[in-house]
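Positions are given from 1 along the sequence.
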Amino acid sequence: MASQRTPEQLKSIILKATQHLVAVGGMQNFSYPKLAAETGINAPTVYEHYKNKEALLTSCFLTIDDEIARKIANAPKSLSAGVKDLQSFDDLCRLLWLPYWNYLTADHDRTLFYWHFCNSEYYTPTVVQQRMQNEKAFWELVQSVNGSSPFSERCNLEILVWNLLDNTVAMAAKVLRGIYPNDEVNVNTVYHMVFQPVFSVFGQNSGDDNKADETPSDTHTV
């Protein structure tokens, strides 16, 4: 019975079920009746924790985003300290990105929910601001390198970072939907693909040039 569960247990069950329902049916097909059928928790109980569907979906998204932030929290305190040449920059990018990728590809429901939310009307400027705080390690990386090796004045750093993050999510969604395999070679390909815009401002490719041949033709954001 729902009444026998603690508030934290109820919230955890609600968030997990929300991830699953959105992952398999998309944002538009999510509803409280479906949530009740999935969990046995009725709408009035859900409203005790989330004032409306937007609050529930947003809370679910930001919970995942907080977890992502913790995954990259072990990055070096001073991101610019180790960046002395292109190779050290490449190494640092991998250090930040790989835990992000591994997290995204580890859970089907969680990441497909995250991907659907990013492509929905619920992804508001307020949510973007919160996400920007959570992903600040990536921002600090770009900003610190920009301070010592300035990017082109025509380069929009905000777009650069968001493309990096969102292209990674899109590719992880393809892996989880069985469109794209997840193995060592292809993870390396995804890394080069999403970071190539960052390296292109230096007029160079990320890592080994021969990896370019491995990039799949269907790599646009979905």
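Scanning both residues, Leu62 and Gln130, for their nearest heavy atoms gives CD2-CG, 3.4 Å. Contact record, Trp101 with Ala172: CZ3-N, 3.5 Å, taken as the closest heavy-atom pair.
Going from atom CG of Leu15 over to atom OG1 of Thr39 covers 11.0 Å, rounded to the nearest 0.5 Å. Separating the CG atom in Leu57 from the NE2 atom in His116 is a distance of 12.0 Å, to the nearest 0.5 Å. With rounding to the nearest 0.5 Å, the separation of OG in Ser12 from CZ in Arg5 is 10.5 Å. In this structure, the separation between CG on Leu56 and OH on Tyr122 is 9.5 Å, given to the nearest 0.5 Å. One distance of note links OG1 of Thr111 with CG of Leu176; it measures 5.5 Å at 0.5 Å rounding. Interatomic distance, Asn182 CG to Met171 CE, rounded to the nearest 0.5 Å: 10.0 Å.
In the model, Thr63 has no side-chain atom that pairs as donor or acceptor with a side-chain atom of Asp66 under 3.5 Å.
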Between Ile68 and Ile64, does the side-chain contact (heavy atoms from CB on, under 4.5 Å) criterion hold? Intermediate values first, please. CA-CA 6 Å; Ile68 291 173; Ile64 297 169; 4.3 Å; yes
Evaluation steps, side-chain contact (heavy atoms from CB on, under 4.5 Å), between Leu165 and Tyr100: CA-CA 9 Å; Leu165 294 169; Tyr100 180 45; 3.8 Å; yes
Between side-chain atoms of residues 16-31 and protein atoms elsewhere (two or more places apart, or another chain), which donor-acceptor pairs fall under 3.5 Å?
{"residue": "Thr18", "atom": "OG1", "partner": "Ile14", "partner atom": "O", "Å": "2.7"}
{"residue": "His20", "atom": "ND1", "partner": "Asp109", "partner atom": "OD2", "Å": "2.9"}
{"residue": "Asn29", "atom": "ND2", "partner": "Gly25", "partner atom": "O", "Å": "2.7"}
{"residue": "Ser31", "atom": "OG", "partner": "Lys34", "partner atom": "N", "Å": "3.3"}

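Applying the side chain to side chain donor-acceptor pair (under 3.5 Å) criterion to Tyr114, with sequence neighbours excluded, gives Asp65, Arg131. Remark: Thr168 engages Trp97 in a side chain to side chain donor-acceptor pair (under 3.5 Å) (not counting sequence neighbours). With sequence neighbours excluded, the residues that form a side chain to side chain donor-acceptor pair (under 3.5 Å) with Gln9 are Thr6. Taking the side-chain contact (heavy atoms from CB on, under 4.5 Å) definition, one finds that Asn52 meets it with Glu54, Ala55, sequence neighbours left out. By the side chain to side chain donor-acceptor pair (under 3.5 Å) test, Tyr103 is found to be paired with Glu67, Arg110, residues two or more places apart in sequence or in another chain being considered. For the ring pair (Phe, Tyr, Trp, His ring centres under 6.0 Å) test, residues two or more places apart in sequence or in another chain that qualify with Tyr32 are Tyr47.
Within the 4.5 Å cutoff, the side chain of Val190 has no heavy atoms near those of the Phe195 side chain. Side-chain contact between Arg94 and Asn188: present, with at least one pair of heavy atoms (C-beta onward) separated by less than 4.5 Å. Residues Thr124 and Val128 fail the side-chain proximity criterion, which asks for heavy atoms closer than 4.5 Å. Looking at Leu112 and Trp115, their side chains come closer than 4.5 Å, going by heavy atoms from C-beta outward.
Aromatic ring pairs are classed by plane angle as parallel below 30°, tilted from 30° to 60° and perpendicular above 60°; the pair Tyr123 and Phe117 is perpendicular.
A side-chain donor-acceptor contact under 3.5 Å links Asn167 to the backbone of Asn163.
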